[in-house]
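Side chains included, hydrogens not; waters and symmetry mates left out as well; all remaining heavy atoms used. Each chain gets a letter, A, B and so on, in the order its sequence line appears, and its residues count up from 1.
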Amino acid sequence: MKRARAEILSTRRVGAYRSITLVAPEIAERSRPGQFLAIAMPEGRAFILRRHFSIHQASRHGGWAGTLEFVVDPSVGAGTGWLAGAGAHEFLDVIGPLGKAFSYPKRLTNCLLLAEGRGAASLFFLAQELVARHKRVDMILGGRTLESVFKPVDAKRLSQTVVVMTADGSLGERGGILDALPDAVARADAEVVYAVAPAPTLRSIAAFCREHRLPAQVAIEERMGCGFGLCNTCVVPVATKDRSAYENLRACVDGPVFDPSRILWDRWLGELPIVPPTAEPVPAIPHGGGEP
Amino acid sequence: MTAARSLVVDLGGIVLPTPVMIAAGCGGTGRELVGLVDLRRVGAIVSRTITVTERVGADMPRIAESPAGIVWETGLQNPGLDPFVSGELLRLARGGARIVVSIGGGSLEEYVHMTSVLQGRPEVAAIEIHLSGRDDELDRDVLGAHPDRLNEIVGAVARMSLVPVFAKLPGGCDDVVGLARTAVRAGATGVTLLASPPALGLDATRERLRIGTVSGWLSGPALKPITLRAVFDVAQALPDVPVIASGGVRTGEDAVECLLAGAWAVQVGTATLTDPAAAVTVAQGIVRRLNAAGLTSPAGLRGRLRPPEPTGAESHPVSTP
């Protein structure tokens, strides 16, 4: 882990997102897929904490050696909005690489990677490393609209198949990444699943993988305080090795990549509501009068 | 001939290389800050607050930003006293910083037990008593807000302890001076002012609470004026008592303000979460000020505070109708 004052080499729009490339050789050479950066915000009352971004690319060789790329969703809040407006040659205070990386399967070869929105950024880095290890990669990319599906065209260069899902049907199939999971697993003969998505989606993916006895790794996108283990505020309840108890592990240093079968999802996100099997449609509440 | 300038401070028996400590809960477990800050240049690290038995901590979410601050609640997540002493404490000390252990509990027995276990451990330079938690025995919300209980707990810890003991007074209480006086009479070496005051985080757009436990605590720069007031009042009333300022210290200038107000040392907490080297850069800021003022030690800043500039006609011209 290193701290650097890193110059922005370039920024560019990628759909609804902004991709930022930094010159940070010491961080780039140590970075692995799944790890992230903690970036300081400007001085002022609006921003107290760093913002955290998974690493999209870390180039160790070639013309881009020593550069790092991460992806910002400007709609998240004021901090990411500020970062999305930063320009080339500005300097950022960056700490990284942080967290535990995805691990690569030794024997198994068919890897299914699925992500929602910006979460796909780290999966492209992972896909490259898997392909370099002669694994088969298939991808499912999702988003609300076509703009929020991350790099669907580039995905085709890395993976055997790419399924795109959008909530509004503006690109690919209408639906969420979960809807595409069973078919994709069958088609790709998937042996390992990697996923990055909001926690409720990961919970469903975890349930599917458990049911189908598929080993999986998920990277959680929990809001963090510091990002390097001090503040104990980004915890995830994870079962101990013998599964007799659980402990709240810090997503920043013990994650963000976890084995989803050891996460206590009910403890973390609350129990799922039980829907009565014969639920009647809820009648509309009549208006008191007049048109809405 | 002038004496050499030095940042060393003596807080009633604990000698620190600089007057800038890392506050409880922000110094990690001995692994996190390695490579990000030279811990030998940190005045001291206060451990996270340790309880007798393990605490798994509060439900998520645990942190939310607020203007010039953070609202947070970790629920004192910690491994429990024995695992702390055999693991985390040793790791923390290995970094080269002096270690102050923060102890918390809900009963007198717990405080007494922790103090006895920590005695004779060469890694423990001092004890800081966390007093903002619930009082399980007397069924009160804030244990340290009541002079009777403060006297009892601080008195027991101070009588048993072989190392200096600092009482960290709860934030948001009335009569800080009275509580400080009680703690010192009970035997505390000094006081840490103040623990985070209670706070709530809301999201108006989504109409939701932002902290899993509902209520939390406020930390960060927003606290500085409250810290200064508490430090100033206690230092005026108890000029010989070591006062450690905690809350809102982010820069060297913030620390100098605390020292001018009467603090003997300062703690940086939230600032460390953004800038892991904050304790060192704050100390450098103090050095610059000492050099500029021709002072040889941080203690020289105490007692230099003067009344405000007189409001004269020049600075505030009286407008005529």
Side-chain angles (χ1 to χ4, degrees), chain A residues 1-4 26-27 30 38-52 77-79 93-96 98-99 199 220 222-240 245-254 263-270, chain B residues 22-37 45 48-49 54-79 83 203 205 210-212 216 218-222 248 250-251 269-278:
Chain A
M1 181 204 341
K2 291 282 167 185
R3 183 175 180 182
E26 284 198 312
I27 298 174
R30 292 170 170 80
I39 297 181
M41 294 287 106
E43 283 288 317
R45 73 193 282 275
F47 313 114
I48 298 297
L49 302 167
R50 287 175 181 259
R51 298 295 189 272
H52 307 92
D93 173 351
V94 184
I95 297 176
L98 295 162
I220 67 141
E222 198 54 51
R223 183 73 177 267
M224 291 171 182
C226 60
F228 36 93
L230 297 181
C231 71
N232 252 311
T233 58
C234 59
V235 298
V236 177
V238 174
T240 51
Y246 78 96
E247 53 189 329
N248 280 319
L249 296 183
R250 294 162 292 178
C252 62
V253 291
D254 302 308
I263 294 177
L264 277 69
W265 297 95
D266 288 357
R267 165 93 230 142
W268 187 25
L269 304 175
Chain B
I22 297 178
C26 297
T29 66
R31 293 194 176 104
E32 298 79 1
L33 288 171
V34 176
L36 291 174
V37 58
I45 296 177
R48 56 173 153 175
T49 298
E54 181 191 5
R55 298 229 179 145
V56 293
D59 285 345
M60 291 290 287
R62 289 183 173 185
I63 191 167
E65 263 179 332
S66 67
I70 51 171
V71 180
W72 59 272
E73 173 60 285
T74 58
L76 297 187
Q77 181 172 341
N78 80 91
D203 181 333
T205 314
R210 296 178 68 183
I211 301 292
L218 180 65
S219 291
R250 190 175 182 82
T251 65
T270 305
T272 307
L273 305 183
T274 304
D275 175 5

Exercise for review: Find the one option among Gly28(B), Gly35(B), Cys26(B) whose heavy-atom pairs under 4.5 Å with chain A are most numerous.
Suggested key: Cys26(B)
Exercise for review: Below 4.5 Å from any heavy atom of chain A, which atoms of Ala277(B) appear? Answer side chain, backbone, both or neither.
Suggested key: both
**Study point:** Heavy-atom closest pair, residues Glu32(B) and Leu230(A)
**Key:** CB-CD2, 3.9 Å
Study note, to complete from the structure: Honestly, the part of Pro221(B) sitting under 4.5 Å from a heavy atom of chain A is side chain
Review point. Is the CZ atom of Arg31(B) crowded by more than 12 outside heavy atoms at less than 6.0 Å?
Key: no
Point to revise | Any side-chain heavy-atom pair of Val56(B) and Arg267(A) under 4.5 Å | key: no
Check your understanding: For Thr272(B), is it the side chain, the backbone, both, or neither that has a heavy atom closer than 4.5 Å to a heavy atom of chain A?
Key -> both
Study note, to complete from the structure: Note: vs chain A, highest number of non-hydrogen pairs under 4.5 angstrom among Pro61(B), Ala68(B), Ala271(B) is Ala68(B)
Practice item. Side chain from CB out, backbone as N, CA, C, O: work out which of these in Arg48(B) comes under 4.5 Å of a heavy atom of chain A, or both, or neither. Key: side chain
Check your understanding: Any side-chain heavy atom of Phe228(A) sitting closer than 4.5 Å to one from Pro276(B)?
Key -> yes
Check your understanding: Looking only at heavy atoms, what is the nearest atom pair of Arg250(A) and Thr29(B), with distance?
Key -> NH1-CG2, 4.3 Å
Practice item. To the nearest 0.5 angstrom, please state how far the OG1 atom of Thr233(A) sits from the CG atom of Leu273(B). Key: 7.5 Å
Check your understanding: Can you tell me how far CG of Leu36(B) sits from CE of Met1(A), rounded to the nearest 0.5 angstrom?
Key -> 5.0 Å
Practice item. Would you give the length of the straight line joining atom CG of Leu33(B) to atom SG of Cys226(A), rounded to the nearest 0.5 angstrom? Key: 9.0 Å
Review point. For Ile48(A), does its backbone N or O pair with a side-chain atom of Thr274(B) as donor and acceptor, under 3.5 Å?
Key: yes
Review point. Between Asp275(B) and Arg3(A), is any pair of side-chain heavy atoms under 4.5 Å apart?
Key: yes
Check your understanding: Does any non-hydrogen side-chain atom of Glu65(B) lie less than 4.5 Å from one of Met41(A)?
Key -> no
Check your understanding: Within the distance-only criterion (no hydrogens, no angle test), does the side chain of Arg62(B) pair as donor or acceptor with the backbone N or O of Asn232(A) below 3.5 angstrom?
Key -> yes
**Study point:** Which atoms of Leu269(A) approach chain B - backbone, side chain, both or neither, heavy atom under 4.5 Å
**Key:** neither
Exercise for review: With a 4.5 Å cut-off on heavy-atom pairs, point out which of Ile22(B), Thr74(B), Ile63(B), Thr270(B) contacts chain A the most.
Suggested key: Ile63(B)
